[in-house]
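These notes concern the structure reproduced below.
Reminder, nothing fancy here: chain letters follow the sequence lines and each chain counts from 1. Just so you know, these numbers come straight off a predicted model, no measurement behind them. Both backbone and side-chain heavy atoms feed into the values below; hydrogens, waters and symmetry mates do not.
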Protein chains: 2
Amino acid sequence: MNKRNSQTTKKELKFAILATDVVLLTMDKKVLKVLLVETAAATPFPKMKTLPGGLISPNETAEAAVERHLAHKAGVSGAELEQLYTFSSVKRDPRGRVVSVAYLGLRPTISLGTKERPVYWQDVRHLPRLAYDHNEIVSKGVERLMAKLSYTTIAKGLLPEQFTLSELQSIYESILHHEFDKRNFRKKVLALGCLKKLGAKRRGEAHRPADLYRFVGGGSQVFEIL
Amino acid sequence: MNKRNSQTTKKELKFAILATDVVLLTMDKKVLKVLLVETAAATPFPKMKTLPGGLISPNETAEAAVERHLAHKAGVSGAELEQLYTFSSVKRDPRGRVVSVAYLGLRPTISLGTKERPVYWQDVRHLPRLAYDHNEIVSKGVERLMAKLSYTTIAKGLLPEQFTLSELQSIYESILHHEFDKRNFRKKVLALGCLKKLGAKRRGEAHRPADLYRFVGGGSQVFEIL
DNA sequence: ACAAAAGTGTTAGTGGTACACCCATGC
DNA sequence: GCATGGGTGTACCACTAACACTTTTGT
């Protein structure tokens, strides 16, 4: 274990392929959806769908690789990204050892598809069997989102710059599968002090216009628990 | 991006060395300590200390590699382990690209050292400069522990099978740097229903003997937040 | 007998939960 | 004018936080 750094053995140490996969989530009319792409024809999972992702280059970080692949494969940029988990099962990929650093990404609204590469937004509650261990990765991403809704402003990543309190509440209810009382919900989130009421209102719908809000501060903030 | 899987290019994809590092924490008399080992002589950080860790083999998972290195380098087995974060900065290791899947490990008591390889338990509040980006990894580990104390039974990993409520409280106070009221603390943790009072008491100290408890159920449990 | 930590209840305040009606708009 | 979601206040309950003394042991 000491003199393993000679030039000869060094090459053998480079046995693994490093990849990333992204669980990119968005809300589409009260349904949480994940972005999927078609597998390339020459893979061990023909016709199946996969998470967008790909290899990490020698001179880029995992996060940079995620951003690059999201842009190339799905035309998506500017998503809120956080590292999710690293999947290192030996048999993940039948072709050989591939370790994947998975990320969770959130997008305000579904900006569907691109030129040639087709993309799909699938309801996370009704997923088909995905290639590799990607069903497992999606589960982990959804779990993370559910957990973080409780104590952070992670919902920010799923909302446009300006939004109504009903839209925010709808995100919580749809993802957590739990209804909240409107008045109590408003009291609670406003008491956190992370929302700013804008003068404007959302008009154009067949009911009273709703006040618009935005999150103050960047990123997702964490609140006290104990 | 499509036909990259031919035999010729496949070799070039294996550019990275995959490693693991462990932030192994324990409590030593109200001080949170991390396990460090000496760097091997031929590394770019001579005389500095590092986290225990090492390469991931082609046919083992990251978690298996952590367990193997912990056993070999520090004689430690049976620690509670959870994946912490994957560090993929391009320049982490001056010798070349090394991506490290870091783990957080907890041990009940300090079982110090082994035969030849010396190990050190260092107060996490007063760490020297460590090799590589290991100071950053330790910080992330301590943050994770602090956060999880609030909503899980992660403290279980730092305690022996049987323990007193004062010992449990001391862990919370030492790690969170915050004192709790004894009566309120007891009420709260007992109300969670995850502790079982044993008949026995801890004797032999110059004061009234304390009731012994143990955690019910395995692993670390999560509690409701919202 | 003394030192040292263990164990135990009550109160006041705060935050959570449950609940029903009027408002502003588009059609 | 009617249908649709938007916006608001109060009362009760549960949990949290503050607080002091007696008990049991070892020396």
Side-chain angles (χ1 to χ4, degrees), chain A residues 27-31 149-153 155 159-160 162-174 176-214 222-226, chain B residues 27-31 149-153 155 159-160 162-174 176-214 222-226:
Chain A
M27 286 305 290
D28 179 17
K29 302 193 209 320
K30 311 207 174 199
V31 177
L149 279 176
S150 312
Y151 62 96
T152 71
T153 59
L159 286 165
Q162 302 188 354
F163 55 90
T164 69
L165 292 186
S166 293
E167 288 165 350
L168 178 61
Q169 182 172 352
S170 166
I171 284 181
Y172 275 82
E173 292 181 338
S174 307
L176 297 178
H177 309 293
H178 183 273
E179 309 232 314
F180 296 94
D181 178 85
K182 202 202 314 188
R183 284 168 285 193
N184 295 337
F185 182 85
R186 284 159 186 251
K187 249 179 297 179
K188 192 182 272 182
V189 299
L190 291 175
L192 293 174
C194 60
L195 293 181
K196 171 153 187 175
K197 187 175 184 168
L198 307 170
K201 291 175 188 291
R202 170 150 306 164
R203 326 189 124 267
E205 288 163 90
H207 52 76
R208 175 173 176 178
D211 290 334
L212 288 169
Y213 291 79
R214 67 171 174 79
V222 180
F223 302 106
E224 288 304 319
I225 305 171
L226 194 78
Chain B
M27 287 303 290
D28 180 18
K29 303 194 209 321
K30 312 208 174 197
V31 177
L149 279 176
S150 312
Y151 62 96
T152 71
T153 59
L159 286 165
Q162 302 189 354
F163 54 89
T164 69
L165 292 186
S166 294
E167 288 165 350
L168 178 61
Q169 181 171 353
S170 166
I171 284 180
Y172 275 82
E173 291 180 340
S174 306
L176 297 178
H177 309 294
H178 182 272
E179 309 232 317
F180 296 93
D181 178 84
K182 199 196 327 184
R183 283 166 287 192
N184 295 337
F185 182 85
R186 281 157 189 252
K187 250 179 294 180
K188 192 181 272 181
V189 299
L190 290 176
L192 292 175
C194 61
L195 293 181
K196 171 153 185 176
K197 186 175 185 169
L198 307 169
K201 291 175 186 291
R202 169 149 307 166
R203 330 189 121 265
E205 287 164 271
H207 53 78
R208 176 175 175 175
D211 290 334
L212 288 169
Y213 290 80
R214 67 172 175 78
V222 179
F223 303 106
E224 290 303 319
I225 305 170
L226 192 77

With a non-hydrogen cut-off below 4.0 angstrom, is B:T164 in contact with a base, only sugar-phosphate, or nothing?
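Here B:T164 touches no strand at all.
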Is there a side-chain contact between B:F185 and B:L168 (heavy atoms, below 4.5 Å)?
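B:F185 reaches B:L168 side chain to side chain.
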Any side-chain heavy-atom pair of A:F163 and A:L195 under 4.5 Å:
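Of all side-chain heavy-atom pairs linking A:L195 with A:F163, at least one is under 4.5 Å.
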Terminal contacting nucleotides, 5' and 3', DNA chain D versus chain A (heavy atom, 4.0 Å)
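Counting from the 5' end, contacts occupy D:dA3 to D:dT10.
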Could you tell me the separation between the CG atom of B:L190 and the P atom of C:dA6, rounded to a whole number of Å?
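To the nearest whole Å, that distance equals 14 Å.
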Whole angstrom is fine here: how far is it from CG in B:L165 over to P in C:dG7?
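In whole Å, C:dG7 P lies 7 Å from B:L165 CG.
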Just how far is it from atom [atom1] of [X] to atom [atom2] of [Y], taken to the nearest 0.5 Å?
X      : Y      : atom1 : atom2 : answer
A:L212 : A:T164 : CG    : OG1   : 7.0 Å
A:L149 : A:L176 : CG    : CG    : 5.0 Å
B:E179 : B:S170 : CD    : OG    : 10.0 Å
A:N184 : A:R186 : CG    : CZ    : 11.5 Å
A:K182 : A:K187 : NZ    : NZ    : 13.0 Å

Summarise how protein sits on nucleotides 19-27 of chain C as a single string, 5' to 3': B when a protein heavy atom is under 4.0 Å from the base, S for sugar-phosphate-only contact, - for no contact.
BB--BBBS-
Using only side-chain N and O atoms of B:S166, determine if any of them is under 4.0 Å from OP1 or OP2 of C:dA6.
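Yes, B:S166 has a side-chain N/O under 4.0 Å of OP1/OP2 on C:dA6.
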Who pairs with A:H178 by ring pair (Phe, Tyr, Trp, His ring centres under 6.0 Å), at least two apart in sequence or on another chain?
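For A:H178, the residues satisfying ring pair (Phe, Tyr, Trp, His ring centres under 6.0 Å) (neighbours in sequence not counted) are A:F180.
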